[in-house]
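What follows is a short report on a single structure.
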Amino acid sequence: AAFVHHVGYMSHFQYGAERSSWPLPSTASCAALAQYASNEDVLREEPAPGDVFLLWHAPTATFEHTGIVARVRDAGVTPGGTPWVDCDTIEGNGGADDNRTGDAAMTGVVRRVRRFYPTATVGDRFIRWVDLDRRWMAGDPLQTAVRVA
């Protein structure tokens, strides 16, 4: 979650205003991100490019990993009737928190194809942060002209 905040914050930073308009809270907790998104009514069951994903871990009944959806690839339903969707993602520090794949510890930023299971009751979720337009908080970028000496 800290990776997502850092990338979002820096991508929305307005140097002239010296602040960021990134709308998601600064937290290392996937549960806190989910609660904030739910309160703001931007938590979704279907992904879109640019969404922040929250990976559900059924054994602990918590969201345990997050990252960014780069592209939605395909969707379907398992033989048992569970919907799934495959996405290209950008993730930081998957490591031990990435319980679904059983990967060995990863370091740094990785690109991967991930299958999500966003069922109606519980499961993976997507934060549609673009619906929280906060650009006004960072000031008018057109007023940050560079002065030439």
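In this chain, residues are counted from 1 in sequence order.
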key: side chain to side chain contact (heavy atoms under 4.5 Å, CB included) assessment of Arg44 paired with Asp131   = CA-CA 11 Å; Arg44 305 286 184 262; Asp131 291 346; 3.3 Å; yes

request  = Would you please test Arg125 and Glu45 for side chain to side chain contact (heavy atoms under 4.5 Å, CB included) and show each step?
outcome  = CA-CA 5 Å; Arg125 293 292 183 263; Glu45 292 178 17; 3.7 Å; yes

task = Decide salt bridge (charged side-chain N to carboxylate O under 4.0 Å, His left out) for Asp88 and Arg73; before the verdict, give the C-alpha distance in whole Å, the side-chain angles of both, and the deciding distance to 0.1 Å.
result = CA-CA 7 Å; Asp88 292 330; Arg73 286 178 165 247; 2.5 Å; yes

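Under the 4.0 Å criterion applied to side-chain N and carboxylate O atoms, Arg128 and Asp41 are not assigned as salt-bridge partners. A salt bridge is defined here as a Lys NZ or Arg NE, NH1 or NH2 lying under 4.0 Å from an Asp or Glu carboxylate O, and Arg114 with Asp86 fails to meet this definition.
Phe3 and Glu91 get closest at one heavy-atom pair: CE2-C, 3.9 Å. Taking all atoms of both residues into account, the shortest heavy-atom contact from Glu46 to Phe126 is C-CD1, 3.8 Å. Between Ala37 and Ile127, the shortest heavy-atom contact is CB-CG1, 3.7 Å.
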Distance-only criterion, 3.5 Å: show the donor-acceptor pairs between side-chain atoms of residues 27-34 and protein atoms not counting sequence neighbours.
| unit_1 | atom_1 | unit_2 | atom_2 | d |
| --- | --- | --- | --- | --- |
| Thr27 | OG1 | Ser29 | N | 3.0 |
| Ser29 | OG | Ala31 | N | 3.3 |
| Ser29 | OG | Ala32 | N | 3.0 |

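Between the side chain of Ser11 and the backbone N or O of Val7, at least one donor-acceptor pair lies under 3.5 Å. Between the side chain of Asp51 and the backbone N or O of Val69, no donor-acceptor pair lies under 3.5 Å. Between the His6 side chain and the Ala2 main chain, no donor and acceptor come within less than 3.5 Å of each other. With hydrogens and angles disregarded, no donor-acceptor distance shorter than 3.5 Å links the side chain of Trp129 to the backbone of Val42.
Put simply, the side chain of His5 reaches to within 4.5 Å of the side chain of Ser26, judged on heavy atoms. By the 4.5 Å heavy-atom criterion applied to side chains, Glu40 and Leu132 are counted as neighbours.
Val85 and Val113 sit in two unconnected hydrophobic clusters of ILVMFWY residues. Membership requires side-chain heavy atoms under 4.5 Å apart, directly or through other members.
Test Val4, Asp124, Leu43, Thr62 against Leu54 for side-chain contact (heavy atoms from CB on, under 4.5 Å) and you get one pass: Leu43.
Two rings, from Tyr117 and Trp84, have their centers 6.0 Å or more apart.
Separation of atoms OG (Ser20) and CE (Met10) is listed at 8.0 Å; rounding is to 0.5 Å.
Using bins of under 30°, 30° to 60° and over 60° for the plane-to-plane angle, the ring pair Phe53/Phe116 lands in the tilted bin. Below 30°, between 30° and 60°, or above 60°: for Tyr15 and Phe13 the angle between ring planes is above 60°, a perpendicular geometry.
By the side-chain hydrogen bond (donor to acceptor under 3.5 Å, both in side chains) test, Ser38 is found to be paired with no residue, residues two or more places apart in sequence or in another chain being considered.
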